[in-house]
Amino acid sequence: MKSLQLSVNAQHRYVLVCLLDGQEQECHLCDGLDPLADAIEAFMGIDYVDAWERAVALSKAAYAAKNG
């Protein structure tokens with residue numbers, strides 16, 4: 001199963017770790033949303049706009065659940 005871990009480093013760059021069955025396959029440092037979206041699309045093999053919209057929706061739902 002493919003999965004992603006996303007964080008922001010001290011230099012305010014996106015750090016995208018691509019995992020396959022829990023093992024790191026790739027790591028990308030992205031200076032903005034377009035390179036980040038391209039890396040997601042390439043690894044996941046899906047339309048990044050759809051993936052990004054789903055990720056935002058899940059983030060909002062998780063925040064709402066946590067913060068009421």
Side-chain angles (χ1 to χ4, degrees):
M1 180 172 89
K2 291 181 178 179
S3 60
L4 303 169
Q5 292 180 344
L6 180 62
S7 60
V8 179
N9 68 11
Q11 292 78 31
H12 303 288
R13 297 172 74 191
Y14 293 102
V15 180
L16 177 69
V17 178
C18 302
L19 305 164
L20 181 60
D21 295 328
Q23 301 296 316
E24 182 176 326
Q25 298 295 304
E26 303 172 15
C27 184
H28 301 273
L29 292 176
C30 304
D31 290 321
L33 294 178
D34 286 336
L36 175 61
D38 291 343
I40 292 171
E41 181 180 50
F43 183 72
M44 297 300 284
I46 57 176
D47 182 346
Y48 70 83
V49 173
D50 181 50
W52 188 258
E53 288 173 353
R54 284 187 289 156
V56 168
L58 288 172
S59 295
K60 287 181 179 178
Y63 180 83
K66 182 179 178 184
N67 297 300

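Numbering of residues begins at 1 and proceeds along the displayed sequence. Computed over heavy atoms, backbone and side chain alike; hydrogens, waters and symmetry mates excluded.
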**OP:** Considering non-hydrogen atoms only, spot the tightest contact between Glu26 and Phe43 and give its length.
**Re:**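 For Glu26 versus Phe43, the nearest heavy atoms are OE2-CD1, 3.5 Å.
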Subject >> Student check: side-chain heavy atoms of His28 and Cys18 closer than 4.5 Å >> reply: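 The answer is yes, as the side chains (C-beta and beyond) meet within the 4.5 Å cut-off.
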Original post:
What is the distance from atom CG of Leu33 to atom OH of Tyr14, rounded to the nearest 0.5 Å?
Top reply: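 Leu33 atom CG to Tyr14 atom OH measures 4.0 Å (nearest 0.5 Å).
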**OP:** Give, for atom CG of Leu36 and atom CG of Asp31, the distance between the pair rounded to the nearest 0.5 Å.
**Re:**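 Taking CG in Leu36 and CG in Asp31, the distance rounds to 11.0 Å.
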Subject >> Partner set under side chain to side chain donor-acceptor pair (under 3.5 Å) for Gln25, not counting sequence neighbours >> reply: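 For Gln25, no residue satisfies side chain to side chain donor-acceptor pair (under 3.5 Å) once neighbours in sequence are set aside.
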Original post:
Can you name the residues that form a side chain to side chain contact (heavy atoms under 4.5 Å, CB included) with Leu29, not counting sequence neighbours?
Top reply: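 For Leu29 the side chain to side chain contact (heavy atoms under 4.5 Å, CB included) partners, ignoring immediate neighbours, are Asn9, Arg13, Val15.
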Original post:
With sequence neighbours left out, what residues match Leu19 under side chain to side chain contact (heavy atoms under 4.5 Å, CB included)?
Top reply: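 Result, side chain to side chain contact (heavy atoms under 4.5 Å, CB included) vs Leu19: Ser3, Gln5, Val17, Glu24.
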